[in-house]
Amino acid sequence: MGRIQAIMLLLNSIILILAALSFYYFSRLMKLVKVRRGAILATSGVFLLTGYVFFIMPWIAIGEAIPMMENFSYILVSIAFIILLYGVSRIYMDWKGAIK
Amino acid sequence: MIGEILSFVNIILSVSILVVILMVYSVYRRVYLLWFILSFSIVPFIFVYSLIWSPGSPFKMGVVVYPISVIIIEVSMLIAQKNLIESIKSGEEEEYKMLLRDDIAILRAYEHLANFFIGRIVPLIGTSSIKELLESRIEKHPVLSGSFVGVDERLNTRALEEIVGKIEVEEISLAFYELISGLLELYSAFVPADKAIEDLRKATEKVMEKNAMIFDWIAPIVLFKTVLEPVLRKCRQEDIMEIAIMVNRSKSGIRVNKDGKIDVGMLYKEYPEKEKTDFIIDKFIYALNKMRPIIQQSIGEENANSMITSNFRKMPTNIKERLYGEGLVEKLPKGILEEEKVTLMSREKLIEELVDRRKKLENAYRELAEAELGKMKATFLDVVAHELRTPLTSIKTYVELFKKGKLGRLTKTQKEKLEIMEENVDKLTNLINDMLQIPSIDIKELELRKEKFPAEEVIGEIVEDCSTLLSEKSMSVSVNIPSSLAIQGDKNLLGKAIKNIIGNSIKYTPSGGKIKISAKMEGDKVHIKIKDNGVGISEDEIERIFDPFYTGNEKEGGMGLGLSIVKNIVEGHGGKVWAESTVGKGSTFHLLLPGGKND
């Protein structure tokens, strides 16, 4: 295993732990309050994480980038951003109506 | 290349998301939102970095920027979420629940609406009646259990928050609808009905301002209670009862009581999951169309329309805009909100409407001009005919006096010439009489002279009258008319019309020709056919033969008024006349006249 692969594995392990923690907090939040637009935000999060995994996987596995996988990960991230943009816009509209 | 384009797209998208989050922060300044902003402001830089650094660059370790950035983002997100959870748990900011949950938001809106009326009722009668009302509603709708009127003299529904997530919004809405209706009724007992309705308008407007999500749930209250109910209450008691029976029998979910109060509680049970506004509008239009004829009958059409229009205009602006936006105005019957209909019409529709109206106006002008011309023609003919008839009567009288020898003895030649003179005077008199038939038949006058008479009898008499002419030309006539057939109309006029056609057939059929007259019932009309084997009429002439003064065959003479008179008489009776012909083979005239069977 090369140096890059080792570093990437270490850093991404932290990322995975943080993602799991984030998911835990989100679940708690959902239990506490049935978060409006929560499903939209969660879907966007799943796409973002998948996109990142596709981007980073070749670096961990072979220590190099695979352009095709990189492009695919960018597409997934774009989808995630579109969903997220819709979600935050709806939240803004709701809140704007509720708070004057 | 594709990677660069996608990076660029992602930069734009992430910046847009960041801008929206900043906008959210601008309306609701909270710390946890700042953490979200921090985490998301890193994202565009990651994609900018991807454009600068490529995996093929000598500095391969540059790739660690990605995981490090993601770690920073995740940490910020974690802090934001933790912050939010703590805020909600500590209950420091109650409004979080309202912002995050639909059901809590709706619950708050109902609470606000109820408190609006409680605030007005308490100074009048205190809280005891309100508490009694609340208890009775809790009994009927256990969903309200736990809500109470506190020492602050306000309704408190915080206890309901624990259960609302498990109950359908429809059920909550029905319970609150009944509570608010009760409060409104209680309030109406102490203030004039108009004041109560005005306050309901104010209350719903304020609630909508606080949370527009309540729109679908308070729209029925606004539409039925502030638009329709005040009009209904102005109706006579017996009319209200009639409306109540009619509406209550229908399966619309709307109930009307004997005082004109409308109950729409059942509608909440039928609420569809989607397109709620369409559902409410359709129910309202249905109820309006059902009630309108009786309301109009009770308080007058104009009064009813203007009251409904005025109530629409008084409706809270924020609710009105939503309802108008969903197409309510277009669905309203004629006479209500007409100005708004025009305003809402698109430019193209407006132009279409204007063009259409212009055409209608032009047609009306043309018809008017034609009518005026017709009237002028009639007057002219009338004057001319009468002016001619007077000297003719005088000539005829003198001719008769000469013939009887009262003005001296006459020679044989003079007598012969006088005969010719008398004949021509008669011809002229007949012509003038025909001219007087040209003006339109006066329908009102005709109604008075209408009678039922046997078709066979009148046609038989006409044939009899024409027997001299027929025998002169050695013509035969066959009549096939069932004795049961009867014509409904002015016997003299219709007889004249039929005689004109038979006379025409005799005129244009050579000696030895045949005329066949038949009749049969067609629905409620008598269809008479007069067929000859005469010279016939050419195709281009046939359309014009019923025009006044049209003479197809100049050799035969005449003013060309006969068929025009026929048309006038037949159409004046609501009938129809037309002809079919083949040159050289003969013509068939059809008359469709009102009739029936002989009594």
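Chain A is the first sequence line, chain B the second, and so forth, proteins listed ahead of strands; every chain is numbered from 1.
Put simply, CG on B:Leu84 and CZ on A:Phe26 are 10.5 Å apart, with the number rounded to the nearest 0.5 Å. Rounded to the nearest 0.5 Å, atoms CG (A:Leu18) and CD1 (B:Ile71) are 6.5 Å apart. Here the CD atom belonging to B:Gln81 is positioned 11.0 Å from the CZ atom belonging to A:Phe23, to the nearest 0.5 angstrom.
Proximity to chain B is limited to the side chain of A:Ile7, based on heavy atoms less than 4.5 angstrom apart. In this structure, no portion of B:Phe36 lies under 4.5 Å from any heavy atom of chain A.
Among residues 66-76 of chain A, the residues having any heavy atom closer than 4.5 Å to a heavy atom of chain B are, in sequence order, A:Glu70, A:Asn71, A:Tyr74, A:Ile75. For residues 10-22 of chain B, a heavy-atom distance under 4.5 Å to chain A picks out B:Asn10, B:Leu13, B:Ser14, B:Ser16, B:Ile17, B:Val20, B:Ile21, given by residue number.
With a 6.0 Å radius and a threshold of 12 heavy atoms from other residues, nucleotides or ligands, B:Lys82 has its NZ atom at or below the threshold. Remark: B:Lys206 NZ is loosely packed, at most 12 non-hydrogen atoms of other residues, nucleotides or ligands lying under 6.0 Å away. Within 6.0 Å of OH in B:Tyr49 there are more than 12 heavy atoms belonging to other residues, nucleotides or ligands. Within 6.0 Å of CD1 on B:Ile72 lie more than 12 heavy atoms contributed by other residues, nucleotides or ligands.
Note on A:Leu11, A:Ile82, A:Ile14, A:Leu21: by heavy-atom pairs under 4.5 Å with chain B, the leading option is A:Leu11.
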Name each donor-acceptor pair under 3.5 Å that joins a side chain in residues 38-58 of chain A to protein atoms two or more places apart or in another chain, with its distance.
| from | atom 1 | to | atom 2 | distance (Å) |
| --- | --- | --- | --- | --- |
| A:Thr43 | OG1 | A:Ala39 | O | 2.6 |
| A:Ser44 | OG | A:Ala80 | O | 3.4 |
| A:Thr50 | OG1 | A:Val46 | O | 2.6 |
| A:Tyr52 | OH | A:Asn12 | OD1 | 2.6 |

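Applying the side chain to side chain donor-acceptor pair (under 3.5 Å) definition to pairs two or more places apart or across chains, none involves residues 62-79 of chain B.
Relative orientation of the B:Phe47 and A:Phe81 rings is perpendicular, given thresholds of 30° and 60° on the angle between their planes.
Scanning both residues, A:Ser78 and B:Val9, for their nearest heavy atoms gives OG-CG1, 4.4 Å.
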